[in-house]
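What's counted below: heavy atoms across the whole structure, side chains too, no hydrogens, waters or symmetry copies. Nothing here was measured: the structure is a model prediction, and the numbers come from that model. Numbered from 1 within each chain, the chains take letters A, B, ... in sequence-line order.
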Number of protein chains: 2
Amino acid sequence: MHKQEAIKKLKDHNYKLTPQRELILDIMLNQQGYLSVREIYEKVKEVFPQVSIDTVYRNLSLLKDINILNETTIGNNIMYVMRKEIHNHTMRCLKCGKIFELDICPLELWINQIKDFEIVDHKIEIVGYCKDCMSNKN
Amino acid sequence: MHKQEAIKKLKDHNYKLTPQRELILDIMLNQQGYLSVREIYEKVKEVFPQVSIDTVYRNLSLLKDINILNETTIGNNIMYVMRKEIHNHTMRCLKCGKIFELDICPLELWINQIKDFEIVDHKIEIVGYCKDCMSNKN
DNA sequence: TATTAAATAAGAAATATTTCTTAATTAAGA
DNA sequence: TCTTAATTAAGAAATATTTCTTATTTAATA
């Protein structure tokens, strides 16, 4: 997702491009992994110290509603990440051979925590049994 | 980590094996991925409806202290998983070729959310630059 | 530039999470 | 079975997160 694309989506829905909203967009565009609301709020405050946390909640939720961000819940925690169009990760069924796209990247949750390694690329290969083959593996 | 091993660790530290503590251990042993404190608390309550959430916090923290559980923070959320001895996932440096062990499995955070697929195995391959080679890639 | 619907900050309110205190209970070993 | 240090439940307290209300400000378009 490019910035112009995101801005167009906002306009198409008659939402305004406020400085706060644009900053949140920039933060998410410059971020590989998932961030919690609090982490995003802290980053916004660096530029707008007076920002209301309500503004952050409101905008993240809105950006999710118009499919700019993906929202996920880990434990009790709401987290956001830029939406991806390309699906690099798949699950392959050992029985029927069907390939299922993983619309999430498990690595994105960890990327922020890996400090001593500059990640260039990664592959994830999951194998197992799909819904249809689960009960009939032979 | 097997149950007897965990119990021995408790005894070695002069900790008692209470029913609540044993249940928490069982829950974690029967769980592939990370769970939040709340998720664990809900499971404990199914057996001990009167359990205090403080008991859950206390025991999880204790089990982490004696290296039975791994604790991680995702966003604002504390999560726990059984400690693994086997490191299946590595990061390989493109420059010096060194292999670094990943003591976490990024997939464990997602495993609980994958409902329609029975995972048998998975591989994660990360490539990039290690700390020493980051600034000198040629 | 004037208009107006959308968005904002501020603060309160509602929930949720985490830690603490205390008195009662209990696991484990003598 | 007795003893005792460890553990517990209960409830309060301290924090943290999320939502709501209101008055004010502002982006976008005419």
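Ion pairing between a basic and an acidic side chain is recognised when a charged N comes within 4.0 Å of a carboxylate O; A/R38 and A/E42 show such pairing.
B/N76 comes within 4.0 angstrom of sugar-phosphate atoms only, judged by non-hydrogen atoms across all strands, and of no base. Nucleic acid contact for B/D54: base, since at least one base atom lies under 4.0 Å from a heavy atom of the residue. Residue B/P19 is in sugar-phosphate contact alone, with no base atom involved, counting any heavy-atom pair closer than 4.0 Å across all strands shown.
Of the two residues contacting DNA chain C, namely B/V37 and B/K11, the nearest-nucleotide position lying further toward the 5' end is that of B/V37.
Taking 4.0 angstrom as the limit, A/R58 places a side-chain polar atom (N or O) nearer than this to OP1 or OP2 of C/dT8. OP1 or OP2 of C/dT8 lies within a sub-4.0 Å distance of a side-chain N or O belonging to A/N59. Taking 4.0 angstrom as the limit, B/Q20 places none of its side-chain polar atoms (N or O) nearer than this to OP1 or OP2 of D/dT7. Contact annotation: A/T18 does not reach the phosphate of C/dA7 (side-chain N/O to OP1 or OP2, under 4.0 Å). Residue A/R38 has no polar side-chain atom (N or O) positioned under 4.0 Å from OP1 or OP2 of D/dA16. Contact annotation: A/Y15 side-chain N/O to C/dA6 OP1/OP2 distance is not under 4.0 Å.
To the nearest angstrom, P of D/dT7 lies 19 Å from CD1 of B/I53. A straight line from CZ of B/R21 to C1' of C/dA28 spans 13 Å, rounded to a whole angstrom. If you take CG of B/N77 and C1' of D/dT17, they are 11 Å apart, rounded to a whole angstrom. Following rounding to the nearest Å, A/I40 (CD1) and D/dT18 (C1') show an atom-to-atom distance of 14 Å. Between the CG atom of B/L60 and the C1' atom of C/dT18 there is a distance of 12 Å, rounded to whole Å. Here the P atom of nucleotide D/dA16 and the CD1 atom of B/I78 are 12 Å apart, to the nearest Å. One atom, NZ of A/K64, and another, P of D/dT18, lie 13 Å apart when rounded to the nearest Å. Between the NE2 atom of A/H13 and the P atom of C/dA5 there is a distance of 20 Å, rounded to whole Å.
The listed nucleotides are D/dA5, C/dA10, D/dT18; the one nearest the side chain of B/K16 is D/dA5.
Using a 4.5 Å heavy-atom threshold, the side chains of A/T73 and A/M79 count as separate. Side-chain contact check for B/T72 versus B/Y80: every heavy-atom pair is 4.5 Å or farther apart. Here the side chains of B/V81 and B/E71 are not in contact, with every heavy-atom distance at 4.5 Å or above.
Donor-acceptor pairing under 3.5 Å is lacking for the side chains of A/T18 and A/R21.
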